[in-house]
Amino acid sequence: MSYAGDLTPQQAWDLLTSDQSAVLVDVRTDAEWRYVGIPDSAPLDGRAALVEWVSYPSGRPNPQFLKQLAEAGVAAGRPVVFLCRSGVRSVAAAQAATAAGLGPAYNVLEGFEGDVGPDGHRGHSGWRAAGLPWRQA
């Protein structure tokens, strides 16, 4: 594995609340943040950042990703937990951070909304479904 590992949403929350140096980075797009919601960073004393992995609306990789991580305080030796919609983009973000010497970097399984459920909708699993703090952006 080219990053520190995968965490369930609850394990991610437990790490973030027990390690005051850990930071949460939501790598979804601006549109997702605005229309779906974001993790509430208030209980983490603001140790969270919104950094697009893929730029919206172009769909291209964010060329400023590593620079923006550094601006958010992500550094070597500081645990970073990456979150996306369903736990796919966050793997790529964790791999990129690890390759750049940042972290340890973790991926949140199921992401913010999880995969599409039997009813054709998301939201049956993930950060929100686990009852973890979130809010509308």
Side-chain angles (χ1 to χ4, degrees):
M1 187 173 298
S2 58
Y3 56 99
D6 298 315
L7 303 172
T8 66
Q10 186 62 55
Q11 289 170 327
W13 182 251
D14 292 345
L15 171 64
L16 290 160
T17 56
S18 67
D19 185 337
Q20 295 302 305
S21 70
V23 62
L24 174 65
V25 177
D26 187 331
V27 298
R28 294 175 298 147
T29 65
D30 180 68
E32 289 172 297
W33 300 327
R34 283 195 260 162
Y35 297 112
V36 179
I38 59 174
D40 186 352
S41 65
L44 302 174
D45 298 323
R47 289 178 292 113
L50 305 175
V51 180
E52 289 181 319
W53 171 250
V54 174
S55 296
Y56 177 82
S58 73
R60 294 190 176 130
N62 175 3
Q64 300 297 313
F65 183 72
L66 293 175
K67 178 180 182 260
Q68 291 170 352
L69 286 182
E71 290 168 354
V74 176
R78 185 173 189 187
V80 58
V81 176
F82 289 103
L83 176 74
C84 69
R85 180 182 63 195
S86 60
V88 176
R89 285 173 283 176
S90 48
V91 168
Q95 290 170 335
T98 299
L102 304 175
Y106 298 91
N107 166 57
V108 177
L109 296 167
E110 303 173 354
F112 192 73
E113 300 180 84
D115 289 328
V116 174
D119 62 356
H121 298 284
R122 294 182 187 275
H124 302 283
S125 61
W127 186 275
R128 284 192 327 186
L132 298 174
W134 71 280
R135 65 180 178 81
Q136 286 301 135

Of the non-hydrogen atoms in [X] and [Y], which two are nearest, and what is the gap between them?
{"X": "Pro79", "Y": "Asp19", "result": "CG-OD2, 3.4 Å"}
{"X": "Leu69", "Y": "Ala97", "result": "CD1-CB, 4.3 Å"}
{"X": "Ala12", "Y": "Val108", "result": "CB-CG2, 3.7 Å"}
{"X": "Phe65", "Y": "Val51", "result": "CD1-CG1, 3.6 Å"}
{"X": "Gln11", "Y": "Asp6", "result": "OE1-O, 4.3 Å"}
{"X": "Ser2", "Y": "Gln95", "result": "OG-CG, 3.1 Å"}

With no hydrogens and no angle check, is any side-chain donor or acceptor of [X] less than 3.5 Å from a backbone partner on [Y]?
{"X": "Arg47", "Y": "Leu44", "result": "yes"}
{"X": "Arg78", "Y": "Ser21", "result": "yes"}
{"X": "Glu52", "Y": "Asp30", "result": "yes"}
{"X": "Arg60", "Y": "Ser55", "result": "no"}

ILVMFWY network linking [X] to [Y], side-chain heavy atoms under 4.5 angstrom:
{"X": "Phe82", "Y": "Val23", "result": "yes"}
{"X": "Trp53", "Y": "Val91", "result": "no"}
{"X": "Leu7", "Y": "Trp13", "result": "yes"}
{"X": "Val74", "Y": "Val81", "result": "no"}
{"X": "Val25", "Y": "Leu50", "result": "no"}

To the nearest 0.5 Å, what is the distance between [atom1] ([X]) and [atom2] ([Y])?
{"X": "Ile38", "Y": "Phe112", "atom1": "CD1", "atom2": "CZ", "value": "8.0 Å"}
{"X": "Asp26", "Y": "Leu83", "atom1": "CG", "atom2": "CG", "value": "5.0 Å"}
{"X": "Cys84", "Y": "Glu110", "atom1": "SG", "atom2": "CD", "value": "11.5 Å"}
{"X": "Asn107", "Y": "Ser90", "atom1": "CG", "atom2": "OG", "value": "3.5 Å"}
{"X": "Asp14", "Y": "Leu132", "atom1": "CG", "atom2": "CG", "value": "8.5 Å"}
{"X": "Thr17", "Y": "Asp45", "atom1": "OG1", "atom2": "CG", "value": "11.0 Å"}

For residues 121-137, the side chain to side chain donor-acceptor pair (under 3.5 Å) pairs (sequence neighbours left out) are Asp119-His124

Ala72 meets the side chain to side chain contact (heavy atoms under 4.5 Å, CB included) criterion, sequence neighbours left out, with Ala49

Do Glu32 and Thr29 have side-chain N/O donor and acceptor atoms under 3.5 Å apart?
yes

Worksheet item: Where do Leu102 and Leu66 land on the side chain to side chain contact (heavy atoms under 4.5 Å, CB included) test, with the steps shown first?
Response: CA-CA 9 Å; Leu102 304 175; Leu66 293 175; 4.2 Å; yes

Less than 4.5 Å apart, any side-chain heavy atom of Ser41 and any of Leu24?
no

